[in-house]
Each structure stands twice: as structure tokens, then as C-alpha cells.
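Reckoned from all heavy atoms, side chains included, excluding hydrogens, waters and symmetry mates. Read the numbers this way: they start at 1 and go in the same order the structure lists the ligands and their atoms.
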Amino acid sequence: MQEAIKELQELKEMHQAVIVAHNYQLEEVQQVADYVGDSFYLSKVAAKIQGKVIVFCGVRFMAETAKILAPDKEVLLPEIDAGCPLADMITADDLRKLKAENPGAPVICYINSSIEVKAESDVCCTSANALKVAAALPGKKLIFVPDGNLGDYVAKQLPDKEFVLWPGHCYTHAKIKPEDVLAARENHFDAKILIHPECDPAVVGLADFAGSTSQIMRYAETSDAAEFIIGTEMGVLYQMKAKQPEKKFYLLHSGLICPNMKKTRLSSVVAALKDNKYQITVDQAIAKQARRTLERMLELA
Ligand code: 13P
Ligand code: SF4
């Protein structure tokens, strides 16, 4: 491991590379990253990053977002098959049909979406800022794609608006059932239950707090509680446990592992810089439209 870290350091200097990693990445990857965070933080980092190469340790839509926001950088995704099934649940054609059925309604796309869907949308959002973005949009009716659960979470907090939702969902977060939350409450009576809004609305409704991965981590850090039950992918636990060894963290469901996020290993990051792979390329015209959608999010949030 020490040898790989040393090699990576040399490669980073040689290529003027910056390593960014999502909170769900393996601990060995988070440890070598220059920036670690949620999707919103990482998109802000990408928009302002120094260096020539961004090695994006996450899934494809995240690396694509970095390329859209930093078009002059080379963006590498260490594992080419690291995708997000939720992002694949709607196509640009599906969205065009939805827009035709709801003329005039602005479209918010979750950042977990393809570049083509972003290009067809008016504004992007992440779980950290979805409510703020939706509240800032004019008009009564909004189209929200592709995560129906996040859309429902936002819609419930904006009762004056009418939401057209798409039935997309994340397989990993969908594993949590309300019974799991009720059982966890019974077993850890004093614990705070922190849930990602990609979970089923019935699960989110039972939480003490719902938020993005970084917001969940921040909640635990600033809370006086001693125990926390975590309803999101297990990758958030590495930092939480390391930063607060005196607190107890329990995962709400043993299946909270995103197989795509876990594809990237330290060896993949080294290989990415050694072999300059896998380069993210985007269609310039589509990227221009998608950039406008992402920049609106950065302005509103
Ligand atoms: P965050 O933006 O909360 O980090 O979430 C990204 C994601 O893919 C959640 O499954
Ligand atoms: Fe996509 Fe779900 Fe994995 Fe997040 S946890 S990257 S939404 S599959």
C-alpha cells in the first residue's frame, strides 16, 4: 500500500493531477484524494480546480459533470464500468416526451443523470440543494427527474407547487424498508436516524434528519447525540468513525453498498494516471447546454 501511495504521488506531480473522490469510495481511495465530498461539493471543486488532470473517483455521471464544468482539463474515470443505474433510468427522449406533455413547466434534473438529460433540462440539483433550487424556480408546475424519491421529498416541502415526478430510484437506497427503521429505533432508542433522500418516502418520513452524504456527516459531527443510525451507502462511515471515535454508528441495512462506487481501488487510481485512462469525452454542443444547466444550479444554490 505504501509503495502504491508513493507511486501515485510521483504520477500526480508528473501529470499535474488532482484526485477527487465521492464519500462512497473505498477508504483506500478516500485516503489518497485531494478532495472528498458529496456531489454538490465535488461539482464546485471541479468548476474551480487547478492542475491539468482530474482523476474522478466516483461514477460516470460525476466524471462527466467535472468534464462539462472544466472543459480544458483532462478528466479520467479509473473504472470505465462505474455507472449509476439511477442515472440510466431516464433518456433524453423520455424527457422530451414529458416536456411535451407538460408544456412550459421548468425541468429540474438530479445530478445523477446523463449529459443528454442535463442538456434537455433547465437546472440541475443535488440532494444537498434540491429544495433550494426548486423553491427558487418561478411558476407552479415543475418537472423533476429522474429520482422520484428525492422529488417526493422536495415536493412535500413545497406544497404550493405541483411536481411531475419520474419513477427512477437507486437500488441501493431502495433496500431500506420502514420496518428496518422501526427495528433500529427499538434497538437503539437514543440514536439519531440519518437518511439520504434517495430512500423510499416512507423511510425518509421516519428519519430524524434527511440530507446529502456530506450533510449527514456534518449532522453527526455537530450533534450532541452519541449514537447514529445511518441510512445511506456505507462509504460515509470511514470518515465518520475516524473523526468521531467516541460516537457509535450503525448502518441501517447490511446491503447499503453501491457496487459501482466500490469498483475503484487504489490500484485503479494508479493505473489511471499511468495509462491515462479512461478519458471522458463529451459532445461539445450537448456539453454547452448541460453546462448552462449546471451553472444555474451553482448560481441558485
Ligand atoms: P450525494 O450528493 O448526497 O453525495 O449523493 C450522491 C449519490 O449518488 C447518492 O446515492
Ligand atoms: Fe447511483 Fe445509488 Fe450508487 Fe448513488 S448509491 S451512485 S444513486 S447507484
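One N or O on the side chain of Lys73 and one on the backbone of Gly51 form a donor-acceptor pair closer than 3.5 Å. Judged by distance alone, the side chain of Gln25 and the main-chain N or O of Gln30 form no donor-acceptor pair under 3.5 Å. At least one donor-acceptor pair closer than 3.5 Å links the side chain of Lys177 to the backbone N or O of Ala174.
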Dump the intermediate steps for salt bridge (charged side-chain N to carboxylate O under 4.0 Å, His left out) on Glu28 and Arg265, then the final yes or no.
-> CA-CA 7 Å; Glu28 63 184 31; Arg265 307 198 60 92; 3.5 Å; yes
Can you check salt bridge (charged side-chain N to carboxylate O under 4.0 Å, His left out) on Asp208 and Arg185, steps first, answer last?
-> CA-CA 11 Å; Asp208 293 305; Arg185 265 263 189 252; 3.1 Å; yes
Show your working on salt bridge (charged side-chain N to carboxylate O under 4.0 Å, His left out) between Glu101 and Lys97 and close with a plain yes or no.
-> CA-CA 6 Å; Glu101 287 161 15; Lys97 275 186 209 137; over 6 Å; no
Check the pair Ser214 / Asn23 against side-chain hydrogen bond (donor to acceptor under 3.5 Å, both in side chains), numbers first and verdict last.
-> CA-CA 8 Å; Ser214 291; Asn23 288 325; 3.1 Å; yes
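Ring planes of Phe228 and Phe249: parallel class, angle under 30° (limits at 30 and 60°).
Using a 4.0 Å cut-off between heavy atoms, Glu198 contacts ligand 2 through its side chain alone, with no backbone atom that close. Neither the backbone nor the side chain of Gln215 has a heavy atom within less than 4.0 Å of ligand 1. Only the side chain of Asn112 comes within 4.0 Å of ligand 1, counting heavy atoms alone; its backbone N, CA, C and O stay farther away. Only the side chain of Glu198 comes within 4.0 Å of ligand 1, counting heavy atoms alone; its backbone N, CA, C and O stay farther away.
The distance from ligand 1 to the heavy atoms of Asp38 drops below 4.0 Å at these ligand atoms: 1 (P), 2 (O), 4 (O). For ligand 2 and Tyr24, the ligand atoms under 4.0 Å from any heavy atom of the residue are 4 (Fe), 5 (S). In summary, the atoms of ligand 1 found under 4.0 Å from a heavy atom of Ser127, numbered by their order in the structure, are 1 (P), 2 (O), 3 (O). Near Tyr24, meaning under 4.0 Å from one of its heavy atoms, ligand 1 places the atoms 7 (C), 9 (C), 10 (O). Atoms of ligand 2 lying under 4.0 Å from any heavy atom of Pro85, numbered from 1 in the order shown and given with element: 8 (S). Near Ser212, with a cut-off below 4.0 Å to any heavy atom, the atoms of ligand 1 are 3 (O).
The cationic group of Lys156 does not satisfy the cation-pi geometry with Tyr153, failing either the under 6.0 Å distance to the six-membered ring centre or the 45° limit from the ring axis.
The shortest contact between atom 2 (O) of ligand 1 and any protein heavy atom is with Ser39 OG, 2.7 Å. In this structure, the protein non-hydrogen atom closest to atom 2 (Fe) of ligand 2 is Cys170 SG, 2.3 Å. Among protein heavy atoms, atom 5 (O) of ligand 1 sits closest to His196 NE2, 3.4 Å.
Taking 2.8 Å as the threshold, Cys84 counts as a candidate ligand of atom 1 (Fe) of ligand 2, since one of its N, O or S atoms lies below it. With 2.8 Å as the limit, Cys258 does not count as an N, O or S neighbour of atom 2 (Fe) of ligand 2.
Checked against a 3.5 angstrom limit, the closest N/O atoms of Asn23 and ligand 1 fall outside it. Polar contact with ligand 1: absent for Tyr110 (N/O pair, distance under 3.5 Å).
Ion pairing between a basic and an acidic side chain is recognised when a charged N comes within 4.0 Å of a carboxylate O; Asp93 and Arg96 show such pairing.
Within the structure, ligand 1 lacks Met261 among the residues with a heavy atom less than 4.0 angstrom away. Within the structure, the closest approach of Asn260 to ligand 2 does not fall below 4.0 Å when heavy atoms are considered. Ligand 1 has no atom lying under 4.0 Å from any heavy atom of Cys170.
By the neighbour-count criterion of 12 heavy atoms within 6.0 Å, atom OH of Tyr219 is densely surrounded, having more than that number from other residues, nucleotides or ligands. Within a 6.0 Å sphere centred on NZ of Lys288, heavy atoms belonging to other residues, nucleotides or ligands number 12 at most.
Looking at Asp147, Ile216, Thr232, Thr213 and measuring to atom 4 (O) of ligand 1, the nearest heavy atom belongs to Thr213.
No side-chain heavy atom of Leu300 sits less than 4.5 Å from a side-chain heavy atom of Lys132.
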